[in-house]
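Because only heavy atoms are used, hydrogens play no part in the values below, and waters and symmetry mates are left out as well, while side chains stay in.
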Amino acid sequence: DPQVKLDVFGQGRFKVPDDQSGIGGLTIETDNGTNLRLGGNSSYSWIQSHMSLPLYINELGNNTIFNIAGGLVGIGTISPAARLVVKSWDVAAFFRSTANSVPVSIINTGSSVSSIGFKGSTSLNEFNVRLGADGNDLVSYTNNIERTRIAASGNFGVGTNNPLAKLEVYNGNILVRNSSNIDNES
């Protein structure tokens, strides 16, 4: 009881030779010429939208899950080194929300510390310069050492992970330059 021109109930297979040219082993084409192509060769499989049109995956807004059993996802790279790697010569990503003041959350379920690492072209690794949270405190690191902390109480510490005043500098000096008016009120 087919419902459309091709209706397969049960297992099926389309088998084509290796596709080294990017033509596609299977093409699904609409009346207006837009098409979706699937192909593969001995190195990888691919899916592509042609006619310079975007490829929508699940445009209805349901959940889309990639690599549930593990694996890596790369955007702009063929050799991702982490679960998600985005490589770009321009702006790599935008995160926008019209309904949430926190459109991106970074959560570490294995520790109270969760941070973002920054790496410039001369940085040694991704972990030397970081900004993150330790419980309810905001912490910053340079050279992979905690340097400053804003405690949940609002106290700011330099060189201490437990600031006891609005500003605490531990084991160091404070230098104030070009200030002609210093308020000494308590």
Side-chain angles (χ1 to χ4, degrees), residues 22 24 28 30 32 34-40 43-170:
I28 302 169
T30 64
N32 66 7
T34 61
N35 62 71
L36 175 70
R37 295 181 185 180
L38 290 91
S43 299
Y44 57 88
S45 300
W46 58 266
I47 180 171
Q48 187 176 40
S49 173
H50 281 254
M51 303 239 347
S52 299
L53 296 173
L55 173 64
Y56 285 76
I57 297 176
N58 201 350
E59 73 170 327
L60 299 178
N62 300 320
N63 292 337
T64 303
I65 300 169
F66 293 97
N67 289 337
I68 194 167
L72 308 176
V73 175
I75 300 173
T77 179
I78 60 170
S79 56
R83 291 289 217 150
L84 174 62
V85 174
V86 179
K87 185 176 181 182
S88 174
W89 301 109
D90 201 353
V91 176
F94 287 108
F95 298 97
R96 293 185 176 128
S97 174
T98 58
N100 191 333
S101 63
V102 184
V104 177
S105 294
I106 298 174
I107 301 167
N108 180 354
T109 59
S111 167
S112 67
V113 178
S114 182
S115 61
I116 301 172
F118 299 91
K119 181 179 182 185
S121 62
T122 59
S123 300
L124 298 177
N125 65 50
E126 290 84 6
F127 309 109
N128 280 347
V129 178
R130 304 192 321 258
L131 181 65
D134 183 356
N136 292 319
D137 297 353
L138 176 68
V139 292
S140 68
Y141 301 79
T142 61
N143 202 27
N144 205 27
I145 298 170
E146 181 180 326
R147 302 297 183 174
T148 64
R149 178 179 292 251
I150 301 176
S153 64
N155 291 346
F156 184 85
V158 178
T160 177
N161 63 4
N162 186 25
L164 301 175
K166 288 296 178 192
L167 173 62
E168 179 180 347
V169 177
Y170 180 79

*Should Ile106 and Ser114 be marked as a side chain to side chain contact (heavy atoms under 4.5 Å, CB included) after you check the CA-CA gap, both sets of side-chain angles, and the distance that decides it?*
CA-CA 7 Å; Ile106 298 174; Ser114 182; 3.5 Å; yes
*What residues, two or more places apart in sequence or in another chain, satisfy side-chain contact (heavy atoms from CB on, under 4.5 Å) together with Leu60?*
Asn58, Asn62
*Which residues share a side-chain hydrogen bond (donor to acceptor under 3.5 Å, both in side chains) with Asn108, sequence neighbours left out*: none
_Trp46 versus Gly40, closest heavy-atom pair with distance_ = NE1-N, 3.6 Å
*State which residues pass salt bridge (charged side-chain N to carboxylate O under 4.0 Å, His left out) with Arg149; sequence neighbours excluded, sorted by chain then number.*
Asp134, Asp137, Glu146
*Output all residues satisfying side-chain contact (heavy atoms from CB on, under 4.5 Å) with Ser79, sequence neighbours left out; order by chain, then residue number.*
Thr77
*Search all heavy atoms of Leu53 against all heavy atoms of Ser49 and return the closest pair with its distance.*
O-OG, 3.0 Å
_Under the rule for side-chain hydrogen bond (donor to acceptor under 3.5 Å, both in side chains), what residues qualify as partners of Thr148, not counting sequence neighbours?_
Ser140
*Check the surroundings of atom CZ in Phe118: do more than 12 heavy atoms from other residues, nucleotides or ligands lie under 6.0 Å from it?*
yes
*asked:* Going by side-chain contact (heavy atoms from CB on, under 4.5 Å), name the residues that satisfy it together with Ile145, two or more places apart in sequence or in a different chain.
replied: Arg147
*Give a yes or no on this: more than 12 heavy atoms of other residues, nucleotides or ligands lie within 6.0 Å of atom CG of Leu55.*
yes
*Determine whether Asn162 and Asn155 make a side-chain contact, defined as any pair of heavy atoms from C-beta on separated by less than 4.5 Å.*
no
*Taking only residues two or more places apart in sequence, or in another chain, which ones meet Asn144 in a side-chain hydrogen bond (donor to acceptor under 3.5 Å, both in side chains)?*
Arg130
*Could you name each residue pair satisfying salt bridge (Lys or Arg N to Asp or Glu O under 4.0 Å) that touches residues 69-94, not counting sequence neighbours?*
none
*Just jot down the side-chain contact (heavy atoms from CB on, under 4.5 Å) partners of Asn100, sequence neighbours excluded, or say none.*
Ser97, Val102
*Can you name the nearest heavy-atom pair linking Pro80 to Val73, along with the distance?*
CB-O, 3.7 Å
*With rounding to the nearest 0.5 Å, note down the distance linking CG in Asn128 to OH in Tyr141.*
13.0 Å
*CD of Gln48 to CG of Leu38: how many Å apart, nearest 0.5 Å?*
10.0 Å
*Can you tell me how far the CD1 atom of Ile47 sits from the CG atom of Leu36, to the nearest 0.5 Å?*
4.5 Å
*asked:* Rounded at 0.5 Å granularity, tell me how far CD1 in Ile28 sits from CG in Asn35.
replied: 9.5 Å
